[in-house]
There are 2 protein chains.
Amino acid sequence: MKQVAERAGVHVSTVSRALNPETRSMVVPESVARVMKAASELGYRLDPVAASLRTGRSKLVGILVPDIATNVFTPILTGATERLSEHGYSVIVAYVGGDSNKQLDLAQGLIARRVDGLILATASRDDPLVSFCIERGVPSVLVNRAEKETRLSGVVSDDLLGAQLAVDHLVELGHSRIAHLGGPREHSTGYLRHRGFIHALAANGLDAASAPTEFAETYTREQGAAAARRLLSAHPEVTAIVAANDLLALGAYDVIREAGLNCPRDISVVGHNDMPLVDMVEPPLTTIRISHKEMGRQAADLLQQAIETLDHPARNVVLPPKLIVRGSTGAPRKGAMKKAAKTAASNKSASISNEV
Amino acid sequence: MKQVAERAGVHVSTVSRALNPETRSMVVPESVARVMKAASELGYRLDPVAASLRTGRSKLVGILVPDIATNVFTPILTGATERLSEHGYSVIVAYVGGDSNKQLDLAQGLIARRVDGLILATASRDDPLVSFCIERGVPSVLVNRAEKETRLSGVVSDDLLGAQLAVDHLVELGHSRIAHLGGPREHSTGYLRHRGFIHALAANGLDAASAPTEFAETYTREQGAAAARRLLSAHPEVTAIVAANDLLALGAYDVIREAGLNCPRDISVVGHNDMPLVDMVEPPLTTIRISHKEMGRQAADLLQQAIETLDHPARNVVLPPKLIVRGSTGAPRKGAMKKAAKTAASNKSASISNEV
DNA sequence: CTGAAAGCGCTAACAT
DNA sequence: ATGTTAGCGCTTTCAG
């Protein structure tokens, strides 16, 4: 930097000001030009480490994602990274397991690296890491999963509505024996999609209280299959399954096939997420589409706001999901149409509250 | 740190030495204990930014991946991140497009952040970024794709062998009219899988020179479909397709279906990568399995070596791929078995060289 | 084995 | 508008 200063015939502090967009206006344009020229001639670039040490800021943000990053988290990551890098931020990714202490450690490590903010894709409905970030005053936002209470800004899909869309679609096809293949209830996704399912059933005049329901412990095809097996053996009468997630739905496919049944002839299945390739499985999966990449982008925006205006109110962005009808849903099998809700029931359930 | 020093009754430099594993041995154990105690009581952690400014090292590594991170790069990333974080490194991910200048910029940004090393998942067969990293003396390794010449260490799958496995399998099933759906030839994967295809054909006594071949410009389902369309309209006689990649193979599925044909009855298809869910598409895809996560892990190991012993020889790790037979391959359709190689041809082609 | 002191490269008061 | 100066928190010679 000193060399640049000499070459441009100014003092280092002027170089600093000229090179930093935020302070550039303090310097007369002519000097700026000379500094820029000298810098590029010398191939000089500001040292972010030294700057970071001095300012406490870093233009770095940390993203914590679950280590099972095989599906929805990748587009969230790319969306967020893309947007963030447009604004000069770099992204440190930490893949975290379920261990809450290790999560805290990782977060502390990132904070020690002076990240300007954190994006958490890992939150449970009541997450100690969120408390931690708030205590430490680190600008943070949630993505994909929200907490029970809105303590931090975040962006999620309208999971309640998504599940309702699924149920409404099935009811329109004539189903009344609808079961739920639920996800982990400690995550807002699992919890809300279940609640959306229940509400939609009731709104369609079906018996929500006794609706067959099984929960998978994790969002995997295997756990989905296990839960589906429990579901179908206890309730052979069901004609349709609303799964909390595509992978779970695919697990249900496995079970349906191994039971010698056919989807959708014997049982209809609806997934959630519309992850890549589910349009190519057999049968192509009817599901609820979420734009995960857009979630990532908006989370990035939210985080930038949180960084810039430190004392901002927590704000929740809820993205609308969309029903994508493909081949895994159809009319219920003959003999199963008992007391079906004949009223055209679409959207009956659209106005229930969206608290987590 | 000064506070810790006071509390432990030693000088800051002793604290520094005690807290750093590398220099801990210089300090008498008793002092170490006192320092550790004081530090944990004060909740003190070393500041990596300040340390980095002083030492020039950072315990940070950068990974450059193509921004189309929808498939194989995620497991590479998680594998590498997992392994690296075991050794105290954090990972900065940069998603890069094809623009070579932007790539250089991004890399420079990472270097400015004083990353200890770089993992490149983006390399073309002759990549300016590799030259750049070498010039700048930044420890770097390649993953998934290699260069024509081995200038840097790297880990790849044996792409040549993979393609051969595919061809041998098809020949064993009785095919002789085998076409290639190639990937971008500027990448080692596209280039080598094509060469493997050619060699295997020749090794099986088939006419390699005139084998129908079309190349997709990118590894996407859409480009795969486009290339497959060209392929099948020019060569309706083919009974089997060796695709350079699963996504390409899936594009071929689309075309086969739109032509009113059936896979595998009319045409067999083999993919490459064994990405998630290709076992669930219809028909389940026969493909070449690569352990991308393992590639990521080994790349991490290689990078650590490169960081530790600066003047090491470039070393190429080649991982063995595996044929996974599923439902997309079968005997050739009747009337198509012309001059099929009747000799049991398996592994005939196993010993050709593996240069990129 | 430990203490002293000199910076790593930058930024932000403060002074001019 | 620009120059002066004092560190940010650490590591690492160099002395003792």
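In what follows, chains are A, B, ... by sequence order, proteins preceding strands, each numbered from 1.
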Going by the salt bridge (charged side-chain N to carboxylate O under 4.0 Å, His left out) test, which pairs reach into residues 89-111 of chain A, not counting sequence neighbours?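 For residues 89-111 of chain A: none.
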
Whether B:K293 and B:E82 form a salt bridge (side-chain N of Lys/Arg under 4.0 Å from carboxylate O of Asp/Glu) is what I want to check. yes

Is B:K37 salt-bridged to B:E41, cutoff N-O under 4.0 Å?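 Looking at B:E41 together with B:K37, the answer is yes, because their closest N to O distance falls below 4.0 Å.
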
Quick one: how far along DNA chain D does chain B reach, first to last nucleotide 5' to 3', anything under 4.0 Å to a heavy atom?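 Result: D:dG9 to D:dT13.
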
Side chains of A:L110 and A:I92: does their closest heavy-atom pair fall under 4.5 Å?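 A:L110 vs A:I92: side chains touch.
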
Do the non-hydrogen side-chain atoms of B:L152 and B:V141 ever get within less than 4.5 Å of each other? no

For a side-chain hydrogen bond (donor to acceptor under 3.5 Å, both in side chains) check, start with the C-alpha distance between A:D159 and A:T189, then their side-chain angles and the critical distance, and finish with the verdict. CA-CA 6 Å; A:D159 291 313; A:T189 49; 5.6 Å; no

Quick one, which residues of residues 7-19 of chain B touch DNA chain C with a heavy atom under 4.0 Å? B:V10, B:H11, B:S13, B:T14, B:R17

Using heavy atoms and a sub-4.0 Å distance, could you list which residues of residues 24-42 of chain B are near DNA chain C? By number, please.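 Hits under 4.0 Å, by residue number: B:M26, B:V27, B:V28, B:S31.
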
Straight-line distance of A:S52 OG to B:R114 CZ, nearest 0.5 Å: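 If I round to the nearest 0.5 Å, the distance is 11.0 Å.
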
So, taking the atom named CD in A:E294 and the one named CZ in A:R83, what distance separates them when rounded to the nearest 0.5 Å?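 Reported to 0.5 Å precision, the distance equals 6.5 Å.
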
Cut-off 3.5 Å, side chains only: do [X] and [Y] have a donor facing an acceptor?
X      : Y      : result
B:S13  : B:H11  : yes
B:R145 : B:T122 : no
A:S85  : B:Y95  : no

Interface limits on DNA chain C, where chain A has a heavy atom under 4.0 Å of a nucleotide atom: C:dG9 to C:dA13

Checking A:R151 now: which residues fulfil salt bridge (charged side-chain N to carboxylate O under 4.0 Å, His left out) with it, not counting sequence neighbours?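 Salt bridge (charged side-chain N to carboxylate O under 4.0 Å, His left out) list for A:R151, sorted by chain: A:E147.
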
